[in-house]
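Structure in C-alpha cells, see below.
Numbered from 1 within each chain, the chains take letters A, B, ... in sequence-line order.
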Number of protein chains: 4
Amino acid sequence: MIKVGIIGATGYVGGELTRLLSQHDKVEISFLDSRSYASMEYSRIYPNLKNIVEEKCISINIEENFDEVDLLFCALPHGLSQEAVKKVLNKGRKVIDLSADFRLKDGAIYEKWYGVDHGATEELKKAVYGLSEIYTQEIAEAQLVANPGCYPTSILLSLYPLLKEGIIKTKGIIIDSKSGVSGAGRSPSDANLFAQCNENLRAYGIGVHRHIPEIEQELSRAATEEVTVQFTPHLAPMTRGILSTIYISNDKKAAYRDIEGIYDSYYGAQPFVRFLGEEEYPQTKAVYGTNYCDIGVKIDDRTNNLVIVSAIDNLVKGAAGQAVQNMNLMFDFKVDEGLKQAPVWP
Amino acid sequence: MIKVGIIGATGYVGGELTRLLSQHDKVEISFLDSRSYASMEYSRIYPNLKNIVEEKCISINIEENFDEVDLLFCALPHGLSQEAVKKVLNKGRKVIDLSADFRLKDGAIYEKWYGVDHGATEELKKAVYGLSEIYTQEIAEAQLVANPGCYPTSILLSLYPLLKEGIIKTKGIIIDSKSGVSGAGRSPSDANLFAQCNENLRAYGIGVHRHIPEIEQELSRAATEEVTVQFTPHLAPMTRGILSTIYISNDKKAAYRDIEGIYDSYYGAQPFVRFLGEEEYPQTKAVYGTNYCDIGVKIDDRTNNLVIVSAIDNLVKGAAGQAVQNMNLMFDFKVDEGLKQAPVWP
Amino acid sequence: MIKVGIIGATGYVGGELTRLLSQHDKVEISFLDSRSYASMEYSRIYPNLKNIVEEKCISINIEENFDEVDLLFCALPHGLSQEAVKKVLNKGRKVIDLSADFRLKDGAIYEKWYGVDHGATEELKKAVYGLSEIYTQEIAEAQLVANPGCYPTSILLSLYPLLKEGIIKTKGIIIDSKSGVSGAGRSPSDANLFAQCNENLRAYGIGVHRHIPEIEQELSRAATEEVTVQFTPHLAPMTRGILSTIYISNDKKAAYRDIEGIYDSYYGAQPFVRFLGEEEYPQTKAVYGTNYCDIGVKIDDRTNNLVIVSAIDNLVKGAAGQAVQNMNLMFDFKVDEGLKQAPVWP
Amino acid sequence: MIKVGIIGATGYVGGELTRLLSQHDKVEISFLDSRSYASMEYSRIYPNLKNIVEEKCISINIEENFDEVDLLFCALPHGLSQEAVKKVLNKGRKVIDLSADFRLKDGAIYEKWYGVDHGATEELKKAVYGLSEIYTQEIAEAQLVANPGCYPTSILLSLYPLLKEGIIKTKGIIIDSKSGVSGAGRSPSDANLFAQCNENLRAYGIGVHRHIPEIEQELSRAATEEVTVQFTPHLAPMTRGILSTIYISNDKKAAYRDIEGIYDSYYGAQPFVRFLGEEEYPQTKAVYGTNYCDIGVKIDDRTNNLVIVSAIDNLVKGAAGQAVQNMNLMFDFKVDEGLKQAPVWP
C-alpha cells in the first residue's frame with residue numbers, strides 16, 4: 001500500500017485519477033488538492049463518487065503535505081506544476097506529471113510551442129516519457145514520469161512499432177484525429193458549451209496544435225531520423241474518446257501479416273492494446289471509460305496506402321489511466337491493477 | 001465459484017449481464033445463448049468485450065446445457081422464457097428471469113396488460129420479486145427470482161419505504177419518468193434510430209405502459225391497500241439512465257428528517273442506494289454504468305407537496321446489475337461482489 | 001418596412017432574433033448591440049449567419065441610436081434593460097423586452113423571486129404580457145410588450161384555455177418540464193458544459209424556479225382565482241426544446257371532445273399552435289427551430305386524471321419567435337411573417 | 001408554377017425534399033409516393049410537417065401518375081428507380097434522380113462497385129451530373145439529372161476548382177470525411193441505432209466506399225487526367241452534417257491568395273458556397289438544415305501540405321437541397337428559390 005496525493009484534483013483528469021485510484025487496492029489517497037474548491041467535499045464536485053470518495057479538497061502546503069506521500073500526481077495545466085515537481089524530486093519522492101511540462105526533451109521547443117519559459121530544465125533531463133507499453137522499463141525505474149498527451153497516445157501506440165521496425169515510410173504521414181469534448185477540459189468557455197458542441201463537428205488548430213512536437217519527438221526516436229507529421233485535431237459531439245485515422249504511403253509494401261506480427265510482438269503480452277484484425281476498425285464506444293487502445297489496419301492496394309485507425313478514451317488511456325498504469329510499473333504492482341473494468345456498451 | 005448460463009445473451013440486458021459477470025470473481029459463464037448469432041464470437045457483437053469474453057454464442061439445447069449450470073439468467077423478451085424456466089426449476093436449479101413474465105402475482109393481470117396467455121402460472125407462485133434492497137431475505141431463499149423492470153426499480157426504491165412506514169398518502173401519486181433509449185432494446189425500429197431520438201424528447205404510453213401493474217402491485221404491498229398511480233414514461237436523447245420525478249401531496253406533513261430517517265433505516269447499510277440530502281437532486285450521469293440508485297427529496301411547503309427524484313442506470317440497477325445483486329444474495333456472496341465499479345464522470 | 005434594434009444581440013436569444021429578423025421581409029436591422037463584442041463582425045460569433053448578416057456589433061449609445069428605430073428588442077438578462085426601456089418609451093417608440101423584468105404585474109413579487117429591486121414600476125403598468133395567441137389584441141395596441149418566459153409559454157398555451165373555460169380544476173396542478181441546455185444561456189459555467197450535460201438528465205430548482213410566479217399570475221388570470229402550481233424543471237441532453245407534461249385531476253369530467261373543442265376555438269385560426277389529436281403526443285424535434293407549439297392530451301379514466309403534453313422550441317416560440325410574432329401583431333404585419341420555416345426532421 | 005412528384009417520399013431524402021418543396025413558391029406537389037405507407041397521412045411519418053403538408057402517401061401507378069407532373073424526383077435506393085426514369089424520359093418529362101444509378105458515366109464501373117447490373121445504360125448517356133455550382137449550364141438544359149452523393153458533394157466543391165485550375169497536385173489526395181447518422185438512412189439496423197451511435201465515433205468502408213468512383217470520376221474530369229483518392233468515411237454521433245478534411249501535398253506552392261481567388265471566381269456569385277477565409281474552419285452546425293457549403297483552407301508551410309475543410313448538411317446540400325437547386329436551374333427559377341432559410345444556431 002502506497003500513499004499518493006493529487007494536485008489539481010478537480011479538473012477532469014484529476015477527477016478521473018481519483019475515480020481510478022479509489023478502486024485501486026494498493027493505493028491510499030492522502031490528499032486531493034484544489035485551490036478553487038478547498039474544504040469542499042470532493043463528491044459535491046464529482047457526484048459519481050458520492051459514498052465512494054469521502055475526502056474533502058484541500059489546498060495543499062507543498063512543504064508539509066509532500067512528506068507524507070510516496071507518489072505525487074500533478075494534474076495541473078501546463079506551466080503550473082514545475083515548482084511542485086522540483087520540491088518532490090528534492091525530497092526523493094516520485095512524481096507523475098500529467099501536464100505537457102516534462103514531455104519535450106528540448107526546453108527550447110517547449111518554449112516555442114507553449115509560449116512560456118521552462119523553469120525546470122534540469123528536471124527535464126530526469127523525465128521519462130510515460131508511454132507505458134513502449135518505455136516500460138525506463139518508467140519502472142523513473143523518479144519523474146511525463147505522462148503523454150491524449151492525441152499523442154492514440155497516435156504513438158499505432159505508429160511507434162511500425163516506424164521502429166522500419167516497415168513504413170517516415171515521410172508524408174497524415175494524422176486526422178477526432179476528440180470528445182472532455183479533452184477541452186473543465187474550464188467553461190464558448191468552445192466547450194453543450195449547445196455549441198452538440199450536433200457539431202469541426203477542425204481546429206490545423207498544423208499548430210501543441211501536441212505536434214510531442215508526436216514528432218517520439219516518432220523521430222522510433223525512426224531514428226527526423227519525422228514531420230501533418231496533424232489535424234477535430235472536436236466531435238461526444239464526451240470522451242479519441243479516434244485517430246492515420247495515412248501513410250505503403251511504399252515499403254508492408255503486408256498485413258507483417259504488421260500484425262509487429263503489433264503482436266509489441267502488444268501481445270500487454271493487457272491494454274487490442275489489435276482488431278484485418279479490416280476491423282475500432283470505435284470509441286468500445287473503449288469508453290477504460291484504459292484500452294484498439295487498433296485496426298487497412299492496406300489499400302488500390303491506392304498503395306496504409307490506413308491505421310486507433311481509439312482510446314482520452315481521459316483514461318489518454319491521461320489518468322495511463323498515469324495509473326505508469327504508477328503500477330513504478331511500484332511493481334500488476335500492470336492492470338485498478339484498471340480492469342470492462343467498457344460499458346452501449 | 002458457480003456456473004451460470006444466459007439465454008438471450010445478445011440483447012442489451014444480456015450484454016450487460018455478460019459484462020458484469022465477466023468481472024465477477026465467483027462466477028464462470030457456461031454459455032451465452034443466442035439464436036440469431038449462434039457460433040459467432042460474442043465480442044463481434046459486443047466489441048467492448050474483445051479479449052475479455054472469448055466465448056462464442058451458442059443456441060442452447062435446454063435439456064443438455066441446463067445440467068451444467070447452477071443458475072440460469074433469462075434475458076428474453078416477455079413470453080419466451082416460460083418453458084426454459086419450468087425446465088430449470090424441474091431440475092432443481094435456480095433461475096433469475098429478467099422478463100416481465102414472473103413479476104405479476106396474478107396471471108390474469110399479466111394477460112390483460114401483456115395481451116398473451118401465461119403458460120406457467122404454477123411457477124408464478126414460486127417467484128420472488130427481486131427488488132434487492134426490499135425483499136432481501138426472500139430473494140436469498142428463492143429458487144426463482146423475477147427481476148424487476150427498469151422503471152419500477154427507480155420508482156419502488158423511492159416510494160416503498162415511505163408507503164410502508166405510512167408517512168405519505170396513498171392517493172394521487174404522479175410519476176413522471178424519463179428513460180434513455182437503450183430501454184427500448186436492441187431490435188432496430190423507427191423508435192430507436194439515432195436520427196429520430198437525438199435532439200428529441202417525447203412522452204409515450206401515458207397511462208397504458210406495461211410497467212404500471214408492476215408498480216401498483218408493489219406499492220399496494222407496501223401500503224397494504226390498493227394504490228393506483230399516474231405514470232408517464234418519456235424517451236430522452238441519451239443512451240442510459242432513468243430519472244423518475246414523483247409527486248405526492250404531503251397531507252401527512254412529513255418532515256425532511258422523518259424521510260431521511262426512513263431512507264436511512266432501509267438503505268443505510270445497503271451499498272447501492274445513495275440518499276443525497278435535502279434539496280440535492282440526482283442526475284443520471286452520476287450512476288452511469290453502475291448499480292447505484294440515487295435519491296433526492298424536496299418538501300415544498302408552498303404547495304404542500306413532496307417531490308422525490310431518483311436516478312438509476314436502466315441496464316444495470318434497472319436490469320442486469322440488480323440481477324447480479326440478486327444472484328449474490330441467492331448464493332451468499334458479498335452483495336456488491338462484481339458490482340463495485342465507480343461511475344464514470346463526465 | 002420598419003427599423004429595429006437589438007440590445008444584447010449576442011446571447012442565444014439575441015442570436016435567434018437576428019436569425020429570424022434577417023429573413024423578415026418587413027424589417028431592417030438598424031443595430032446589433034453588444035458590449036462584449038463591440039466592433040466584431042456578427043457572423044464571427046454566429047457563423048451560421050455568414051454572408052446573411054453582414055453587420056458588426058456595436059455598443060450603442062442609448063440617446064443616439066434609439067432615435068432611428070421603430071422598435072427595440074431587449075434581450076438582456078433580467079435587471080439590465082429597465083433604463084433602456086424607459087428611454088425608448090419616453091421617445092414614444094415601441095419595445096419588446098425579452099427578460100423577466102416586465103412580466104410580473106406586481107413589482108413586489110418580482111423583487112421577492114428575483115432578489116433585486118424593480119426600478120421601473122411605472123413602466124410595468126404599461127406592459128402587456130406577450131402571450132401571442134391569448135393577448136393578441138392587447139399586444140397589437142401595446143407600446144411595451146413583456147415577452148413570456150420559455151417554460152411559461154409551453155405551459156400557458158396548454159392550460160390557459162382550459163382554465164379560462166372552467167373545464168378543469170384549479171387545484172393540484174403538477175407541471176413537469178424538460179428543457180434543452182440552450183435555455184441555460186450562453187454564459188459558460190459548469191452547468192452548461194457539454195461534458196457534464198451530455199448523457200445526463202437532472203431536475204433543478206424544484207419549487208423555487210423564477211418562472212413559477214409568472215406561470216401562476218397568468219393561470220390565475222385565466223381562472224379568475226388564485227392558482228398555485230407544482231413546477232419542476234429538468235435539464236435534458238439536447239440543445240433546444242421544452243417538453244412540459246402537465247397533470248390535473250379530472251374531477252370536472254372533461255371529455256376529449258370538449259377539450260378538443262376549446263383548443264380549436266382558441267387556436268384553430270392560429271398558425272402556430274398545432275393540436276395533435278387524441279393520444280398523439282408531441283415531440284420536441286417536430287418543432288425544432290420554429291415557432292410551433294404542439295399539444296397532445298390523454299384523458300386517463302383509470303386514474304381520473306388529465307395529462308397534457310406540449311412541446312416548443314425554447315429559443316423560438318419560447319423567446320425570439322414569439323417576440324417576432326408580437327412585433328407582427330404590433331405593426332400589423334401578417335402574424336406568421338418571417339416565421340414560416342418548416343421544422344427540420346430528423 | 002410546376003407540378004412535381006416524389007417517388008420514395010418517406011425516406012430521409014424524400015422527407016427533406018418534401019419539407020423544402022412545401023416552402024417553394026413555384027412548386028406544387030402532385031404526389032408523395034411510398035409503398036410502405038400508402039394511404040397514410042404524410043405528417044404521421046414526418047410530424048414536423050403537421051398542418052404544413054396535408055397529403056397522404058400513395059403508391060403510384062407509373063403510367064397514370066407521371067402524366068400529371070413536370071418533374072419527377074426519384075429518392076429510392078440504388079437499383080430501384082431505373083424503370084421509372086425510363087418511363088418519365090419517354091414521356092418527355094424531366095427527372096432528378098437522387099440515387100447513385102445515373103452518376104457514373106460508365107455502366108461497368110457502376111456494376112463493379114454496386115454489384116448489380118445496370119438496366120438503363122442508354123439513359124445514362126443523357127444524364128447530367130448535378131453538381132449545381134460546377135455544371136450549372138448543363139443542368140439547366142438537362143432532361144435527366146443525376147444528383148450527387150453526399151460525400152462527393154462536400155469533396156468536389158472543395159477540390160474541383162483547384163484541380164481544374166491546375167493549382168494542386170493530382171497525386172496523393174487523402175480525404176477524411178465524417179458524417180452524421182442520417183446518412184445511413186431510415187431503414188433501421190444495428191448500425192443506426194441511437195444507443196450504438198451515441199457517444200461513439202468510428203471509421204467504416206475504408207477504401208471501398210461506393211462514393212469513391214463518383215469522386216474520382218469528377219476529379220478526373222477536372223484534372224483531365226486520372227485521379228485516385230484515399231477516402232475514409234466515419235460515422236459521428238450527430239444527426240446531420242458532413243465534414244471533409246482533405247490533404248494534398250502543396251508541391252505546386254499554391255499561395256493563399258491564389259486559392260482564395262479561384263474559389264472567388266467559381267463561387268463569388270453563387271449563394272450557397274461560403275469561403276471562410278484564411279485559417280477559418282467550417283463547422284457542421286453552421287450549415288445545419290440548409291443548402292450551404294462552407295470551405296476553409298490551411299496552407300501548412302512547415303509540412304508543405306494544403307489542408308482543405310468543408311462542411312455541408314448531408315440531407316440538404318448533400319441530397320434534397322441540391323436537387324431543389326437543380327430543379328431551379330432546370331426550370332429557370334431563381335437559384336435559391338425555396339432554399340433561403342438561415343441555419344439555426346446553436
Side-chain angles (χ1 to χ4, degrees), chain A residues 12 15-16 18-25 41 43-53 180-182 185-186 192 198-199 237 239-240 267-268 270-277 280-290 292 294 296 311 313 315-316 338 340-346, chain B residues 12 15-16 18-25 41 43-53 180-182 185-186 192 198-199 237 239-240 267-268 270-277 280-290 292 294 296 311 313 315-316 338 340-346:
Chain A
Y12 285 152
E16 199 67 352
T18 306
R19 173 177 76 90
L20 293 171
L21 294 172
S22 76
Q23 312 217 282
H24 195 293
D25 290 341
E41 281 179 27
S43 68
R44 292 189 70 86
I45 309 152
Y46 283 91
N48 55 319
L49 298 180
K50 171 95 180 169
N51 292 8
I52 298 170
V53 172
V181 182
S182 65
R186 206 183 137 220
N192 55 3
N198 187 39
E199 193 63 26
T239 301
R240 289 163 174 254
Y267 303 132
Q270 295 279 3
F272 295 123
V273 180
R274 303 189 292 197
F275 184 66
L276 299 187
E280 289 285 320
Y281 308 123
Q283 32 194 336
T284 60
K285 189 184 276 292
V287 300
Y288 193 87
T290 68
Y292 290 101
D294 287 357
D313 183 312
L315 292 177
V316 189
K340 284 174 221 161
Q341 303 90 335
V344 169
W345 182 285
Chain B
Y12 284 152
E16 199 67 352
T18 305
R19 173 178 75 92
L20 293 170
L21 293 172
S22 77
Q23 311 218 282
H24 195 294
D25 289 341
E41 281 179 29
S43 68
R44 292 188 70 85
I45 310 152
Y46 283 92
N48 55 321
L49 298 180
K50 171 94 181 172
N51 291 7
I52 298 170
V53 171
V181 182
S182 65
R186 207 182 136 220
N192 55 3
N198 186 38
E199 193 62 27
T239 301
R240 288 163 175 254
Y267 302 132
Q270 294 279 3
F272 296 122
V273 180
R274 303 189 291 196
F275 184 66
L276 299 187
E280 288 286 319
Y281 309 123
Q283 33 194 336
T284 60
K285 189 184 276 294
V287 300
Y288 192 87
T290 68
Y292 289 101
D294 285 358
D313 182 312
L315 292 178
V316 189
K340 284 173 221 162
Q341 304 89 336
V344 169
W345 182 286

Need one label for A/F272: side chain, backbone, both or neither, based on atoms under 4.5 Å from any heavy atom in chain B.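 When you check distances to chain B, no heavy atom of A/F272 falls under 4.5 Å.
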Whatever's closer than 4.5 Å to a heavy atom in chain B on A/R44 counts as side chain
Please name the pair of heavy atoms, one in B/L49 and one in A/R274, separated by the smallest distance, quoted to 0.1 Å.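 Closest approach of B/L49 to A/R274: C-NH1, 4.2 Å.
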B/Q23 and A/K340: which non-hydrogen atoms are nearest, and at how many Å? NE2-O, 2.6 Å
Identify the heavy atoms of B/P343 and A/I52 that sit nearest to each other, and give their distance. CD-CD1, 3.9 Å
Kindly say whether B/P346 contributes a backbone atom to a donor-acceptor pair with the side chain of A/R240 at under 3.5 angstrom?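 Judged by distance alone, yes, a pair lies under 3.5 Å.
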Go through A/K285 and B/N48 one step at a time and tell me if the side-chain contact (heavy atoms from CB on, under 4.5 Å) criterion holds. CA-CA 7 Å; A/K285 189 184 276 292; B/N48 55 321; over 6 Å; no
For chain A, which of B/L20, B/V316, B/N51 has the most heavy-atom pairs under 4.5 Å? B/N51
Heavy-atom distance under 4.5 Å to chain B: side chain of A/Q341, backbone, both or neither? both
Pick one of side chain, backbone, both or neither for B/L276, based on which atoms fall under 4.5 Å of a heavy atom in chain A. both
Region of B/V287 in contact with chain A, defined by heavy-atom distances below 4.5 Å: neither
Which of A/G15, A/A342, A/P282 touches chain B most, by non-hydrogen pairs under 4.5 Å: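 Winner by heavy-atom pair count: A/A342.
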State the CG-CH2 distance between B/L315 and A/W345, to the nearest 0.5 angstrom.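 It is 13.5 Å, given to the nearest 0.5 Å.
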Give me the ring orientation class for A/Y288 and B/Y288: parallel if the planes are under 30° apart, tilted from 30 to 60°, perpendicular past 60°.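 Judged by the thresholds at 30° and 60°, the geometry between A/Y288 and B/Y288 is tilted.
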